[in-house]
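Counting begins at 1 with the first residue of the sequence.
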Amino acid sequence: MKRKTLFLFAVFISAACFSQTRELSYFIDNGIANSPLLKDYAGQVQKNSLDSSLLRSQLRPQADAVASVMAAPSYNGWGYDEAITNGYNIGMQAVVRQDLFAGKIYAPQYEALRLQSSSAKNSSAITGHELKRDITNQYLAACATLNDITYQQSVIQLLSGEESALKSFVASGIYRQTDFLAFEIEKQQEEITLSQLQLQYRSDISELNALCGISDTSYYEVALPPLAPSFAFSPAASPFLGQFRIDSLRILNSRNLVDAEYRPHFGWYADAGLLASNPATMYRNFGFSFGFFFSVPLYDGHRRNFNYS
C-alpha cells in the first residue's frame with residue numbers, strides 16, 4: 001500500500017512539473033534584467049551624471065588653506081640679501097577663488113557628457129533589441145522542437161493502437177510474421193526519433209536559459225507566442241539610425257570644446273590670514289586682500305586650426 005501511494009505521488013509530481021509552461025515575456029524580462037552589457041551601459045550613464053555634478057562643482061567658489069614658513073638666515077652680510085628675502089617669511093592664509101561668467105566655457109563639456117550618456121543609452125537600446133531578437137529566435141526554435149515532439153507522440157500513439165490490431169491479423173493468418181516485425185522496427189525508429197527530439201528540446205531550453213542568465217535545470221514547456229501586430233517604422237525612434245545623429249552632434253561638440261579653450265576668463269579672488277617677515281611683530285600682520293583676474297589667449301602657434309583639422 002505504501003509503495004502504491006509513493007508511486008502515485010511521484011506520478012503526480014512529474015505531471016505537475018511537466019505541465020508548467022513559460023512564455024516568451026518571461027525569458028525576455030530575465031534576459032534584460034541579467035544582461036551584464038546592459039548593466040554596463042547603465043553604469044556609464046550613472047558615471048556621466050556624476051561627472052556632470054563634478055563639473056558643476058568647479059563653477060562654485062574654490063577655497064584653500066595655505067601655510068608656509070621660510071627662513072633665510074644671514075650673518076655679517078653673508079647669505080641671501082635680506083632686502084629680497086626679508087630674512088623670514090611666514091604665511092597662513094585662507095584663499096577663495098571663483099570664475100565668473102564661465103557658463104559658455106563649461107557648456108561644451110556639459111554637452112559632451114550629455115552626448116556620452118545619449119550614446120550609452122542608444123547602445124543600450126540596440127543591445128536590448130539584439131538580445132530580444134536572439135532570445136526570440138531561440139525560443140521559437142524550442143517551440144518548433146516541442147511541436148515536433150507532440151507530433152511524434154501522436155504518431156507513436158497511433159502506431160501503438162495499430163499494434164494490437166496487427167497482432168490479431170497475424171494470429172488469424174491475414175498478415176505474415178515478417179510484416180509484424182517490419183511494423184515493430186518502424187515503431188522503434190519513431191520512438192528513437194522521439195527520444196532525439198526530447199534531447200534536442202532539453203538542449204534548446206538549456207541554451208535559452210543560458211542566453212537569459214537563468215540557472216534552472218527543471219523541465220517545462222514553452223507556449224507558442226502570439227503573432228506580433230504590424231507596426232510603422234519611425235526613423236526618429238530607431239536607435240540604429242539615432243547613432244548617426246549622435247555621432248554628428250559629437251563632431252560639432254568637439255569643435256565647440258576647442259573654441260571653449262579660447263574664451264576669456266574673468267573671476268575674483270580673496271584671501272585672509274597672516275603674512276609676516278618678522279616673527280617678533282607677526283601679531284600685527286593679520287589682514288586680507290581681494291581682487292579680480294582676467295585672461296584672454298592671444299597667440300598659440302595656430303594650435304586651434306590644428307585641433308579643427
So is R22 actually on top of Y220's ring, under 6.0 Å and inside 45° of the axis? yes

For a 4.5 angstrom cut-off between non-hydrogen side-chain atoms, does [X] reach [Y]?
| X | Y | answer |
| --- | --- | --- |
| R263 | F101 | no |
| E111 | N256 | no |
| F293 | D99 | yes |
| V222 | T21 | no |
| S35 | K39 | no |

Rounded distance [0.5 Å steps], [atom1] in [X] versus [atom2] in [Y]:
| X | Y | atom1 | atom2 | answer |
| --- | --- | --- | --- | --- |
| L50 | L54 | CG | CG | 9.0 Å |
| I135 | L140 | CD1 | CG | 12.0 Å |
| I90 | L275 | CD1 | CG | 10.0 Å |
| E184 | L159 | CD | CG | 9.5 Å |
| L24 | T136 | CG | OG1 | 4.5 Å |
| Q116 | N253 | CD | CG | 9.0 Å |

List in chain and number order the residues that pass ring pair (Phe, Tyr, Trp, His ring centres under 6.0 Å) with F183, two or more places apart in sequence or in another chain; answer none if no residue qualifies. none

List in chain and number order the residues that pass ring pair (Phe, Tyr, Trp, His ring centres under 6.0 Å) with Y299, two or more places apart in sequence or in another chain; answer none if no residue qualifies. H302

Show me, pair by pair, the donor-acceptor contacts under 3.5 angstrom made by side chains of residues 124-133, not counting sequence neighbours?
{"from": "T127", "atom 1": "OG1", "to": "S123", "atom 2": "O", "distance (Å)": "2.9"}

Would Y262 and D300 count as a side chain to side chain contact (heavy atoms under 4.5 Å, CB included) if you check the C-alpha gap in whole Å, the side-chain angles of each, and the deciding distance to 0.1 Å? CA-CA 10 Å; Y262 296 90; D300 64 351; 2.2 Å; yes

Do we see a donor-acceptor contact under 3.5 Å between the side chains of [X] and [Y]?
| X | Y | value |
| --- | --- | --- |
| D134 | Q138 | no |
| N122 | Q243 | yes |
| S277 | N89 | no |

[X] atom [atom1]: more than 12 heavy-atom contacts under 6.0 Å:
| X | atom1 | result |
| --- | --- | --- |
| Q58 | CD | yes |
| Y308 | OH | yes |
| Q62 | CD | yes |
| F294 | CZ | yes |
| Y151 | OH | no |

Knowing that exactly one of S53, S119, S118, S117 qualifies, which makes a side-chain contact (heavy atoms from CB on, under 4.5 Å) with N48? S117

Show which residues join Y283 in its hydrophobic cluster (side-chain heavy-atom contacts under 4.5 Å, direct or indirect), or state none. none

Could you state whether [X] and [Y] fall into the same hydrophobic cluster, counting links through intermediate Ile, Leu, Val, Met, Phe, Trp or Tyr residues with side-chain heavy atoms under 4.5 angstrom apart?
| X | Y | result |
| --- | --- | --- |
| I28 | I214 | yes |
| M92 | F286 | yes |
| F266 | V296 | yes |
| L59 | L55 | yes |
| L113 | Y41 | no |

Please walk me through it: do Q200 and D204 pass side chain to side chain donor-acceptor pair (under 3.5 Å)? CA-CA 6 Å; Q200 180 62 41; D204 291 340; 2.9 Å; yes

ring-ring contact (aromatic ring centres under 6.0 Å, His included) for Y201 and Y219? Distances and angles first, verdict last. CA-CA 10 Å; Y201 179 71; Y219 185 88; 5.5 Å; yes

Please check: side-chain N/O of [X] versus main-chain N/O of [Y], any donor-acceptor pairing under 3.5 Å?
| X | Y | answer |
| --- | --- | --- |
| Q98 | Y269 | no |
| N285 | A276 | no |
| S49 | V45 | no |
| Y139 | A223 | yes |
| N30 | C212 | no |

For a side chain to side chain contact (heavy atoms under 4.5 Å, CB included) check, start with the C-alpha distance between Q44 and K47, then their side-chain angles and the critical distance, and finish with the verdict. CA-CA 5 Å; Q44 292 181 29; K47 175 184 177 297; 5.5 Å; no

When every non-hydrogen atom of F288 is compared with those of A272, the smallest separation belongs to CB-CB, 3.8 Å

I105 to H265 - nearest heavy-atom pair and separation: CD1-CE1, 3.7 Å

Salt bridge check: are K187 and E190 linked by an N-O gap of less than 4.0 Å? no

Carboxylate-amine/guanidinium proximity below 4.0 Å for D259 and R304: yes

Once ring-ring contact (aromatic ring centres under 6.0 Å, His included) is applied, what residue pairs with a partner in residues 102-122 remain, sequence neighbours excluded? none

Hits for salt bridge (Lys or Arg N to Asp or Glu O under 4.0 Å) against D29, two or more places apart or cross-chain, chain-then-number order -> none

